[in-house]
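Comments concern the structure below.
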Amino acid sequence: MQQVRVRFAPSPTGPLHIGGVRTALYNYLFAKKNKGTFILRIEDTDQGRFVEGAEEYIMESLKWCGIVVDEGITEGGKYGPYRQSDRKEIYRQYADILVEKGDAYISFDTPEQLAKLRSDSEKEGDTFIYNAAARVRLKNSLSLPEAEWKNLLATGCPYVIRYKMPVNEDIHFDDIIRGHIVVNTNTLDDKVLFKSDGMPTYHLANIVDDHLMEISHVIRGEEWLPSLPLHFLLYRSFGWNAPLFAHLPLLLKPDGKGKLSKRDGDKMGFPVFPLFWPYGETAKGYREEGYYPEAFVNMLALLGWNPGTENEIFSLAELIDVFSIEKVHKSGSRFDPEKAKWFNHHYLQCRTNNQLALEFRDFLRAKGYHHDIVNLEKLVGIIKERVNFVKDIWKETDFFFRGPDNYDVEVIKKRWQSETPVQLLELKAVLENIDDFSPAITESVVKEWVESKGYNTGAVMNAFRLVIVGASRGPHIFDIISWIGKKETLNRIERGVSVIGKQ
RNA sequence: GGUCCAUUCGUCUAGUGGCUAGGACGUCAGGUUUUCAUCCUGGUAACAGGGGUUCGAUUCCCCUAUGGACUACCA
C-alpha cells in the first residue's frame with residue numbers, strides 16, 4: 001500500500017462544529033492506524049467569510065482532543081504552505097492548463113445576471129443550470145467570437161473560469177464507505193473553478209492541493225458527495241491519479257429533523273462545539289462545560305462507527321488500534337447528549353481522588369473556599385460516584401462547606417416530631433463525648449445510644465440529617481459529620497433545633 | 001423541482017439466507033442505601049411498507065414511503 005497521507009481541511013469561518021471534529025478524528029485515526037501522516041490544511045479561499053480567531057480555534061480544538069498534526073501551518077512540512085491563501089499563486093496556472101486543454105472556459109456573466117436567470121426559471125417552475133444547453137446563449141469564450149471575448153479580457157472585464165462539463169457521460173466512481181456510484185454529467189453544471197477575485201473555488205484548490213500534497217485518502221463529510229463526480233473529472237482532466245474517497249455520514253439533531261446545529265445545543269442545553277467560542281455570538285464548549293477530552297473523543301468516535309464488539313470504552317490509542325474506515329456507517333447519527341454525559345461519568349470515575357481534588361480545589365477557590373488537598377481527597381472519595389462533572393461535586397457537597405440556610409419544609413413536616421428537639425439535644429451530648437470523629441466510631445456510638453433509649457432509628461437519623469444538611473439528601477450522615485468535624489456538627493444541631501423549633 | 005445518499009428498540013448500534021434479533025444510553029420495576037444519588041438485578045422496546053428471488057428472508061433485487069445532503073464567483 002502506498003504511503004497514507006490524509007488531510008483535515010476546514011474553512012476558518014467560525015468555531016469548529018463537533019461534526020468537523022469527528023471528521024478530523026477519523027482522518028487522524030485512519031492515518032495513525034496506517035502509520036501515515038495527518039495534515040491540517042486551512043481552506044480560506046473565501047475572503048468574505050474569513051473569521052478572526054477561527055484558525056487558532058481549530059488548532060486548539062484538535063490539540064485538546066489529543067489529535068496531533070504532523071504537517072500544518074505551525075508544524076511545517078515539505079508540502080507547504082498549508083494555508084490556501086498563502087498558495088494563491090499556485091492555482092491560476094492550473095486553471096489555465098484546463099482552459100488550454102479545452103476542459104474549461106472563460107465566462108463573463110455577472111452574478112446578478114445569473115441570479116436573474118435563476119429566479120426567472122424558478123417562476124416558470126424549472127431550474128436554471130449553467131450547462132452545455134445553457135452556455136451557448138450566455139456570455140463566455142465558447143459562445144462569443146474569439147475576437148470579442150479576447151477584447152473583453154483585454155479591457156479588464158471581470159470573468160470566472162468554469163469547468164466544461166462533458167455531455168451525457170456516465171461517471172463511475174467508488175467511495176470506500178458507500179460503494180459504487182454512477183452519475184450522468186447532464187445533471188451536473190459547469191462549476192466555477194476560478195473566481196473573479198483571483199482566488200480559486202473549493203473545487204479547484206482542493207484537487208490541486210490534494211494532488212500536490214500527495215494525499216492518498218480524502219475523508220470528508222457527506223455534504224461533499226454530490227461534487228465528487230466533478231472532482232473525479234478534474235483529476236481526469238489533469239491526468240492525475242485520484243486519491244481514494246470516503247464520505248462520512250452526518251451528525252443529526254437529537255430530536256426532530258435535520259443536521260445538528262448550534263441552535264439545538266442552545267435549545268437543549270448541550271454544547272455543539274469543542275471549546276468555548278468567545279467572539280461575536282458566543283457558543284458553549286465541551287471543555288468549559290467540564291467534559292474530559294477522552295470522554296468527548298470516545299463519544300464522538302462511536303457516533304457513526306464502532307468496531308463490532310460490545311466494548312464502548314476506548315482511549316485514543318485504543319481507537320487507533322481498532323479503527324477501520326470500512327466500518328463507518330452509511331447513515332447519519334442522531335446526537336444523544338445523555339450518552340455524552342454517561343461517557344464523562346465513566347471517565348470521571350477513572351480519575352484518582354487526588355486528580356479530582358486538584359480539579360475541584362480550583363473550582364472551590366473561585367467560590368472563596370480554601371481547603372487542603374488531603375481533606376478534598378476525602379470529600380471527593382465520598383462523592384465522586386454520584387457526579388458526571390467536577391462542577392457537580394459542589395452541587396452535591398455545598399452543605400459540607402456551610403450549614404443550611406433553611407430547612408426543607410416537606411422533611412420537617414414528615415420527620416419533625418414533638419420529641420425530636422429533646423432527642424437531638426441528647427444526641428448532641430452523646431457526640432460531645434466522642435473524641436474520634438471517624439465515621440465508624442460515631443456510627444457505632446450513636447446506634448448504641450438510639451437502641452439503649454429505644455428510640456425510632458429512622459426518626460432520629462432523618463432529623464439528624466435535616467439539621468446537618470437542611471434536606472433529605474447527601475451521603476452517609478457519619479461521613480458528613482466526620483468531614484465537617486465535631487465543632488461544626490454540634491453547632492448545626494443546636495442551630496437546627498432552635499430555628500426549626502420556632503417554625 | 002432535479003441529482004445523489006440513506007432506513008434494526010425512543011437514541012447509539014451488533015448481527016445473520018434458518019437466532020428466543022445481542023449490547024449500551026434512556027425509561028420502568030425490584031433490591032441495596034433507615035435520606036437522596038450511586039450501585040446491583042430484572043423488564044419494556046426494533047428489522048419503514050409492498051412486491052419479488054428462495055424450501056426459507058431482517059439479510060439479496062425492485063418499487064413506494066420517509067429522512068438527509070447537494071443544487072452559489074461558500075466551503
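Within every chain, numbering begins at 1; the chains are lettered A, B, ... in the order of the sequence lines, protein sequences first and strands thereafter. The figures that follow rest on heavy atoms only: side chains count, while hydrogens, waters and symmetry mates do not.
A/R49 comes within 4.0 angstrom of a base, heavy atoms only. Residue-level contact check: A/T187 touches the backbone only, with heavy atoms under 4.0 Å from sugar-phosphate atoms and none from bases. A/H247 comes within 4.0 angstrom of no nucleic acid atom, judged by non-hydrogen atoms across all strands. Across all strands, A/S333 comes closer than 4.0 Å only to sugar-phosphate atoms, never to a base (heavy-atom distances). Among the heavy atoms of the strands lying under 4.0 Å from A/V192 are primed sugar atoms or P, OP1, OP2 only; no base atom is included. If you check every strand for non-hydrogen atoms under 4.0 Å, A/D109 touches a base. Nucleic acid contact for A/G48: none, since no nucleic acid atom lies under 4.0 Å from a heavy atom of the residue. Counting any heavy atom pair closer than 4.0 Å across all strands shown, A/P10 reaches no nucleic acid atom. Within 4.0 Å (heavy atoms only), A/R415 reaches no atom of the nucleic acid at all. Contacts of A/T45 with the nucleic acid, taken as non-hydrogen atoms under 4.0 Å apart, involve only primed sugar atoms and P, OP1 or OP2. Residue A/I181 is in sugar-phosphate contact alone, with no base atom involved, counting any heavy-atom pair closer than 4.0 Å across all strands shown.
Taking only side-chain nitrogens and oxygens, A/S331 never comes nearer than 4.0 Å to OP1 or OP2 of B/C5. Under 4.0 angstrom from either OP1 or OP2 of B/C73 there lies no side-chain N or O belonging to A/K191. At B/A69, none of the side-chain N or O atoms of A/R178 fall inside 4.0 Å of OP1 or OP2 (strictly under the cut-off). For B/A72, one of the phosphate oxygens OP1 or OP2 lies less than 4.0 angstrom from a side-chain nitrogen or oxygen of A/R118. Neither OP1 nor OP2 of B/A6 sits under 4.0 Å from any side-chain N or O of A/H329. Taking side-chain N and O atoms only, A/K327 has a distance below 4.0 Å to OP1 or OP2 of B/G15.
With hydrogens and angles ignored, the 3.5 Å screen pairs no side-chain donor or acceptor of A/N206 with any backbone N or O of A/H203. Between the side chain of A/S482 and the main chain of A/F478, no donor-acceptor pair closer than 3.5 Å is present.
To the nearest angstrom, P of B/U71 lies 14 Å from CZ of A/R162. Rounded to whole angstrom, the span from the CZ atom of A/F400 across to the P atom of B/C36 amounts to 17 Å. Between the CG atom of A/L117 and the P atom of B/A72 there is a distance of 13 Å, rounded to whole Å. Protein atom CZ of A/F478 is 14 Å distant from nucleotide atom C1' of B/U33, rounded to whole Å. Taking atom CZ of residue A/F314 and atom C1' of nucleotide B/U13, one finds them 12 Å apart after rounding to whole Å. Between A/N186 atom CG and B/C4 atom P the separation is 12 Å, expressed in whole Å. Atom P of nucleotide B/C4 and atom CG of A/D175 are separated by 15 Å, given to the nearest angstrom.
Straight-line distance between the C1' atoms of B/A46 and B/U11: roughly 12 Å, to the nearest whole Å. Spacing between B/U8 and B/U13 at atom C1', rounded to whole Å, works out to 9 Å. Rounded to a whole angstrom, the distance from the C1' atom of B/U41 to that of B/G67 is 38 Å. Annotation: B/A24 and B/C40 have their P atoms spaced 10 Å apart (nearest Å). Across B/A14 and B/G23, the matching P atoms stand 15 Å from one another, rounded to whole Å. Taking the C1' atoms as reference points, B/U58 lies 12 Å from B/C19, given to the whole Å. Rounded to whole Å, the C1' atom of B/U44 lies 28 Å from the corresponding atom of B/A65. Separation of the P atoms belonging to B/G18 and B/U59 is 11 Å when rounded to the nearest angstrom.
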Inset, instruction - Quick one: do A/T185 and A/V167 satisfy side chain to side chain contact (heavy atoms under 4.5 Å, CB included)? Show the steps, please. - result: CA-CA 6 Å; A/T185 53; A/V167 177; 5.6 Å; no
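Geometrically, A/R351 engages A/Y292 in a cation-pi contact defined by less than 6.0 Å to the ring centre and at most 45° from the axis. Annotation: cation-pi geometry satisfied between A/R92 and A/F194 (NZ/CZ under 6.0 angstrom from ring centroid, within 45° of ring axis).
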Legend entry - Under 4.0 Å protein heavy-atom contact, by nucleotide of nucleotides 23-32 of chain B - B base, S sugar-phosphate only: BBS-------
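Ring planes of A/W277 and A/Y279: perpendicular class, angle over 60° (limits at 30 and 60°). Ring geometry, A/W305 versus A/F323: the interplanar angle falls from 30° to 60°, so the pair is classed tilted. Between A/Y291 and A/F389, the ring planes are perpendicular. Angles over 60° get that label, and only those under 30° would be called parallel. Ring geometry, A/Y202 versus A/H231: the interplanar angle falls from 30° to 60°, so the pair is classed tilted. Between A/F363 and A/F360, the two ring planes are parallel [angle under 30°; tilted spans 30° to 60°].
Pair check for B/U7 finds B/A65; Watson-Crick or G-U wobble, both atom distances under 3.5 Å. Figure legend. B/A29 is base-paired to B/U41; pairs are counted as Watson-Crick or G-U wobble with both atom distances under 3.5 Å.
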Below 3.5 Å is the cut-off: list the nitrogen or oxygen pairs between protein and nucleotides 61-68 of chain B, distance only.
unit_1, atom_1, unit_2, atom_2, d
B/G67, OP1, A/K257, NZ, 2.7
B/G68, OP1, A/G258, N, 3.3

Do any N or O atoms of the protein come closer than 3.5 Å to N or O atoms of nucleotides 37-47 of chain B, and which pairs are they?
unit_1, atom_1, unit_2, atom_2, d
B/A37, N3, A/R386, NH1, 3.1
B/U38, O2', A/E385, O, 3.2

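When each of A/A459 and A/L188 is assigned the nucleotide of RNA chain B with its nearest heavy atom, A/L188 is the one assigned upstream, toward the 5' end.
Side-chain contact check for A/E396 versus A/P475: every heavy-atom pair is 4.5 Å or farther apart.
The aromatic ring centroids of A/F401 and A/W483 lie less than 6.0 Å from each other.
Looking at every heavy atom in both residues, A/E43 comes nearest to A/S11 through O-OG, 3.0 Å. Nearest heavy atoms, A/L40 versus A/Y82: O-CB, 3.7 Å.
Checked against A/Y455 for a side-chain hydrogen bond (donor to acceptor under 3.5 Å, both in side chains), the options A/E426, A/Q423, A/E419 give a single hit: A/E426.
Closest approach to the A/L225 side chain among B/C4, B/A6, B/C73 is made by B/C4 (side chain taken as heavy atoms from C-beta onward).
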